[in-house]
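Numbers here are sequence positions counted from 1.
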Amino acid sequence: MLEQGITDCAAALAEGKTSSAAMIEEALDRIADAAGEGGRTFTEVFAAEARTAAAAADSARAQGDSLGRLHGIPISVKDLFDIEGRVTRAGSVVLSDEAPARADAEVVRRLRSEGAVILGRTNMTEFAFSGLGLNPHYGTPANPWDRANRRIPGGSSSGAAISVTDGMAAAALGSDTGGSVRIPAALCGLVGFKPTRDAVPRDGVYPLSATLDSIGPLARSVEDCVLLHSVLSGEPVAAPALAGRSLRLGVVTNYVTQGMDYEVAAAYDAALSRLSAADVVLDRISLSALDRIPEMNRIATYPGIEAYAMQKERLANAGSRFDPRVRYRIEAAGALPGDARARLDKARADFVAAAEAEMAPYDAIVMPTVPIVAPTIDDLADDDAYGAANLLMLRNPTTINLLGGCAITLPLTTPAGASAGLTLAATQGRDWGLLEIADGLAPVVCG
């Protein structure tokens, strides 16, 4: 049942074809299956609490009461969202001795207020500081594609993606600082939505970069992401505004297309051909503002600067307990010159102004979410290979975080059966319009 997502689960519940309790047991069985990925997907499972919540949801339904739009639906949450009475570890062991959270994160509270059953916390890259999804402390769940060869799930919301692909949850809550929702969604065949940064509150969410962090869903469909964004943002689903007119999309040809492998390029080009055949206006454009990003990265990165400020004391006292690859990247920011932040802010302001002007003529821009299929975990055993793959996976999604905009990735399947993604993106504040475009185009893009 859970492989069908929120919308179908809700319909089955309403029609009496299943119960919340049955769905929770289905999820818990899959999490506990020794032959599956559950032990690497969840860092903490709330079995007793989930069973109690499911029983309450079934009782309320039997009496004709509604608990909300997520009545009795199992949802997973990433390991950086506060859960009252539990320690938030953010994929680390360094935080294990911290005090338990005094309250749920605001977005978790909003999910519960609509009747969601929170199954547990999902695994992630330590402190969300990578786009690959590897975690040496809790293991790395394998991508559903070519699982025998154990390919990366993408990160940092690695467990979030696998909890959905493997039917352990109907949908998942993740965070996105440079693609951490969209990368695992693309590599695992899901829809992932990154809203405008301030559209969803971050109270009670362990930060990587306050400047870039966004909170968004990973789900089976755009329809499910629309529902979850409404719940998380506290806004009603916007009325359709684009019906009856042709869409004009800017297909970016520079920067984001470099280094694409054959598999991703074939799937991406086929999707563009389908869009063109569906009478969507596609303008192939060079978004020159993107060519400024390498120079910005040479100055500094916001995750580096802000993670170092957050972790420098822990690095001094417990550096050996960090994932060495995460520690290396954070420590590198400690050697930056004192004016790096000011220079980065200026460069980013110039980038945003230029990019917004170039994007203004289009309903959305289009790009590949990731340029390559998921490598195997073993491929990344070498630190240099890991670093190169990480930069490549993060490159395209990070453009939208730096812009301050919103983006959604739609699933593509490559000729070899791997998962990739097509991104639709827009400038800040255009979340509902983008979701409407994605909902309309998803059947075309996904073939």
Side-chain angles (χ1 to χ4, degrees), residues 1-31 42 44-78 81-85 103-122 160 163-174 190-191 193 195 200-201 204 215-239 432 435 439:
M1 184 78 251
L2 292 176
E3 296 98 328
Q4 299 178 42
I6 293 174
T7 303
D8 288 344
C9 284
L13 286 166
E15 295 165 9
K17 295 179 178 178
T18 189
S19 66
S20 295
M23 286 196 296
I24 293 301
E25 292 307 319
E26 176 186 345
L28 293 175
D29 285 347
R30 288 175 174 166
I31 294 169
F42 282 82
E44 194 172 7
V45 180
F46 309 147
E49 297 94 322
R51 287 182 171 118
T52 298
D58 288 335
S59 177
R61 186 177 291 107
Q63 296 176 42
D65 296 332
S66 173
L67 300 182
R69 291 173 286 176
L70 299 171
H71 187 140
I73 302 289
I75 305 289
S76 71
V77 300
K78 191 174 178 178
F81 294 97
D82 282 352
I83 302 292
E84 183 179 1
D104 286 347
E106 174 59 19
V107 285
V108 174
R109 187 198 67 77
R110 291 182 180 188
L111 289 171
R112 293 195 204 270
S113 73
E114 289 284 356
V117 177
I118 307 301
L119 275 170
R121 300 180 191 271
T122 52
S163 74
V164 180
T165 63
D166 285 28
M168 303 173 197
L173 181 61
L190 300 173
V191 179
F193 177 57
V200 176
I215 308 304
L218 297 88
R220 294 273 178 186
S221 66
V222 177
E223 184 179 9
D224 285 356
C225 284
V226 168
L227 170 58
L228 287 168
H229 181 60
S230 176
V231 171
L232 298 172
S233 67
E235 299 174 356
V237 175
W432 288 114
L435 286 167
D439 193 40

Does atom CD of E26 have more than 12 heavy-atom neighbours from other groups under 6.0 Å away?
-> yes

When you measure from the side chain of R110 to the backbone N and O of A105, does any donor-acceptor pair fall under 3.5 Å?
-> no

Checking D104 side chain against E84 main chain: does a donor-acceptor pair fall under 3.5 Å?
-> yes

Is it true that the side chains of R69 and S230 contain a donor and an acceptor less than 3.5 Å apart?
-> yes

Just how far is it from atom CD of Q4 to atom SG of C9, taken to the nearest 0.5 Å?
-> 6.5 Å

Pairwise distance CZ(R112) to CD1(I118) - rounded to 0.5 angstrom = 5.5 Å

Can you measure from CD1 (I215) to OG (S233) and round to the nearest 0.5 angstrom?
-> 12.5 Å

Can any side-chain N or O of S59 pair as donor or acceptor with the backbone N or O of A55 at less than 3.5 Å?
-> no

Flag, side chain of S20 to backbone of A54, donor-acceptor distance under 3.5 Å | no

When you measure from the side chain of D224 to the backbone N and O of I6, does any donor-acceptor pair fall under 3.5 Å?
-> yes

T7 OG1 to I73 CD1 distance, which is reported to the nearest 0.5 Å = 9.0 Å

Salt-bridge contact E25-R51 (side-chain N to carboxylate O under 4.0 Å) = yes

Check: F81 main-chain N/O paired with R121 side-chain donor or acceptor under 3.5 Å | yes

When rounded to the nearest 0.5 Å, the distance separating CZ of F42 from CG of L28 is 8.5 Å

Going from CG on L13 to CZ on R61, what distance comes out if it is rounded to the nearest 0.5 angstrom?
-> 4.5 Å

Cationic N near anionic O, under 4.0 Å, E3 to R30 | yes

side-chain contact (heavy atoms from CB on, under 4.5 Å) between L67 and E114, intermediate numbers included | CA-CA 6 Å; L67 300 182; E114 289 284 356; over 6 Å; no

